Every structure is written in C-alpha cells, then in structure tokens.
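First comes the structure, then the notes that go with it.
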Amino acid sequence: MSSSNQPGVQARPASYARPELIVDIERVLDVAARQTIRAEFRFDPGSPLAVSLELVVKDGPRVLWRIGRDLLQQGLYSASGLGDIQMWPARPEEGGTVWLQLASRDMAALFELPVPPLEEWLEYTYELVPAGRELAEIDWDATTADLLGGS
C-alpha cells in the first residue's frame with residue numbers, strides 16, 4: 001500500500017495480515033468548532049466483514065467501533081448505513097471528504113474524513129479478502145458445532 005502525501009495521514013508499516021490506516025479526522029462540535037481526532041482503522045482478514053475504528057483524543061480516552069467494511073466502501077460514494085453508524089459523501093468537489101456519524105444511547109458524533117487515504121486503504125483490504133469471499137474460509141461444521149454447544 002502506498003503512503004499518502006496528505007498531512008496527518010500515516011500508512012504505518014503493518015503486517016501483511018493486519019493492515020492499518022492512521023489518519024487525522026475532524027469531529028464537528030458545532031457550526032464553527034471542530035476537534036482534530038486521530039482515527040486508527042484496522043482490518044483483520046480473519047474477521048473480514050468488519051473494520052475496527054479506534055478514535056483517539058489527545059490526552060483523552062480511546063473509543064473503539066466495529067464498522068462493516070461494505071458500509072465504509074459504499075459510504076465513500078453514496079449514503080450508507082442505518083441507525084448507529086451512517087456515512088455519506090460530504091464534499092466531493094473539494095478533494096473528497098465524507099461524513100461519518102456514530103451514535104449510541106448516550107450521544108452522537110459527526111466526523112469529516114478525507115476520502116483518498118480511506119479509499120486506498122479499503123481497496124487494499126479488498127485485495128486481501130475480495131468482496132463475496134468473506135465467508136469462504138469458515139469451517140461451517142466447526143462453527144455449527146460450537147453454536148450447538150459442541151466441543
């Protein structure tokens with residue numbers, strides 16, 4: 001995966017098996033106020049349906065979300081997601097950003113993310129595990145036995 005030349009974006013060397021993307025994003029606090037937050041995206045080919053997103057506030061807490069990889073991919077180009085996690089294009093004419101809204105019972109937060117590094121990283125995850133092949137490596141007999149209380 002090539003590294004982006006955008007400020008605040010790092011394609012940190014990661015193992016082939018677990019690529020990650022670290023990028024600074026903006027949390028929208030109100031019409032005139034924003035807060036820069038570090039977003040750390042991680043992909044595990046052993047669990048390819050979802051991406052881990054860890055939000056890191058400087059000198060603050062870390063918050064972990066699991067987001068469907070397909071939801072992120074679709075959200076780059078059109079509205080995607082329902083309920084707690086939604087994503088849609090924000091400013092395609094200005095270099096490409098998307099809105100990501102995360103909600104829980106207690107609160108909701110809106111973030112603006114740059115499209116190019118996220119798009120490049122997602123493409124790499126789809127090279128590792130192509131769309132439609134996410135469940136191909138599952139041992140269904142063992143999974144069924146586990147679900148039914150087997151060994």
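In this chain, numbering begins with 1 at the start of the sequence shown. Computed from a predicted structure; not experimentally measured. Just so you know, these numbers use all the heavy atoms, side chains as well, and skip hydrogens, waters and symmetry mates.
Under the side-chain hydrogen bond (donor to acceptor under 3.5 Å, both in side chains) criterion, Q74 pairs with no residue, sequence neighbours left out. Listed by chain and residue number, R34, R91 satisfy the salt bridge (Lys or Arg N to Asp or Glu O under 4.0 Å) test with E112 (two or more places apart in sequence, or in another chain). Checked against side-chain contact (heavy atoms from CB on, under 4.5 Å), A33 has the following partners two or more places apart in sequence or in another chain: L29, D30. In this view, Q101 satisfies the side-chain hydrogen bond (donor to acceptor under 3.5 Å, both in side chains) rule with no residue, not counting sequence neighbours. By the ring-ring contact (aromatic ring centres under 6.0 Å, His included) test, F41 is found to be paired with W121, residues two or more places apart in sequence or in another chain being considered. Qualifying side-chain hydrogen bond (donor to acceptor under 3.5 Å, both in side chains) partners for R66, counting only residues two or more places apart in sequence or in other chains: S47, S52.
The environment of CG in L82 is sparse: at most 12 heavy-atom neighbours from other residues, nucleotides or ligands sit within 6.0 Å.
Separation of atoms CH2 (W65) and CG (L102) is listed at 5.0 Å; rounding is to 0.5 Å. Rounding to the nearest 0.5 Å places CG of L71 at 12.5 Å from CG of L49. Separating the CG atom in L118 from the CE atom in M87 is a distance of 5.5 Å, to the nearest 0.5 Å. Between atom CD of residue E120 and atom CG of residue L21 there is a gap of 8.5 Å, rounded to the nearest 0.5 Å. Atom CG in L100 sits 5.0 Å away from atom CD1 in I67 (nearest 0.5 Å). One distance of note links CZ of R69 with OG1 of T125; it measures 4.0 Å at 0.5 Å rounding.
Residue pairs meeting the salt bridge (Lys or Arg N to Asp or Glu O under 4.0 Å) criterion with at least one partner in residues 75-85, sequence neighbours excluded, are absent. Residue pairs satisfying the salt bridge (Lys or Arg N to Asp or Glu O under 4.0 Å) criterion with at least one member in residues 48-57, sequence neighbours excluded, are listed as follows: R42-E54, E54-R62.
Side-chain contact check for E26 and T36: at least one donor-acceptor pair (N or O, by modelled atom type) lies under 3.5 Å. Side-chain contact, E119 with Y124: no donor N or O sits under 3.5 Å from an acceptor N or O.
Taken together through direct or relayed side-chain contacts under 4.5 Å among Ile, Leu, Val, Met, Phe, Trp and Tyr, I25 and V56 form parts of separate hydrophobic clusters.
No side-chain heavy atom of V98 sits under 4.5 Å from any side-chain heavy atom of L72.
Heavy-atom minimum distance, V129 versus P48: CG1-CB, 3.7 Å. In plain terms, the two heavy atoms of P116 and G96 that are nearest each other are CD-O, 3.8 Å. The shortest heavy-atom contact between P89 and A79 is CD-N, 4.2 Å.
Checking I37, V57, L55 one by one against R27, the side chain to side chain contact (heavy atoms under 4.5 Å, CB included) holds for a single residue, I37.
Here W88 sits in one hydrophobic cluster together with V28, W99, L110; the rule is ILVMFWY side chains under 4.5 Å apart, joined directly or through other members.
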- Could you please spell out the steps behind the side chain to side chain contact (heavy atoms under 4.5 Å, CB included) verdict for F111 and L53? CA-CA 13 Å; F111 302 92; L53 168 59; over 6 Å; no
